[in-house]
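Inspection log for the structure reproduced underneath, given as structure tokens.
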Amino acid sequence: MSRFAAGQRVGCAELISMWVAPAVRGRGVATALITAVARWAAGTGAATLALSVMPENVAARRSYERNGFTVCHESGDLLPDGRGELVMLRDLGSERTVGD
């Protein structure tokens, strides 16, 4: 059971298990996927999008940061070595349009 549970936060959606094939990395695929998920989540009424990332996955973390995510101070799932996954959040306010 995750110590961080996006589903237990009102107005929070969670992006789970995103992966981009090495052959297409650096071509905007991650940004396109994140943008699509953020728009979908905002359309459901979510105010925040959450994800967890392995602490040593620097490339993924940088990609998430470029796409508006920041590390929060809540711990994600515990890893076998006792560390927790990093939880990152993105405010979805900019995904909403007038009239939503």
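Bear in mind that the values here come from a model prediction, so they are computed numbers and not experimental data. These values consider heavy atoms only, across backbone and side chains, with no hydrogens, waters or symmetry-generated copies.
- Sorted by first and then second residue, the salt bridge (charged side-chain N to carboxylate O under 4.0 Å, His left out) pairs involving residues 49-70 (not counting sequence neighbours) are E56-R83, R61-E65.
- Taking every heavy atom of both residues into account, L89 and C72 meet most closely at CD1-CB, 3.8 Å.
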Show me the side-chain donor-acceptor pairs of residues 21-36 shorter than 3.5 Å, one per line, residues at least two apart or across chains.
| residue | atom | partner | partner atom | Å |
| --- | --- | --- | --- | --- |
| R25 | NE | V20 | O | 2.6 |
| R25 | NH2 | V20 | O | 2.8 |
| R27 | NH2 | A23 | O | 3.4 |
| T31 | OG1 | N67 | OD1 | 3.3 |
| T31 | OG1 | N67 | ND2 | 3.3 |
| T35 | OG1 | T31 | O | 2.8 |

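- In this structure, W40 shares a hydrophobic cluster with no other residue, the cluster being traced through Ile, Leu, Val, Met, Phe, Trp and Tyr side chains under 4.5 angstrom apart.
- The two residues A41 and L92 make their nearest non-hydrogen contact at CB-CD1, 3.7 Å.
- Of all heavy-atom pairs spanning V53 and Y64, the tightest one is CG2-CE1, 4.0 Å.
- Atom-to-atom distance recorded for T70:OG1 and L86:CG is 11.5 Å, nearest 0.5 angstrom.
- Between L79 and M54 the shortest side-chain heavy-atom distance falls below 4.5 Å.
- C12 and A50 make their closest contact through SG-CB, 3.8 Å (heavy atoms, listed as atom of the first residue, atom of the second, distance).
- A distance of 9.0 Å separates CD in E85 from CG in L78, rounded to the nearest 0.5 Å.
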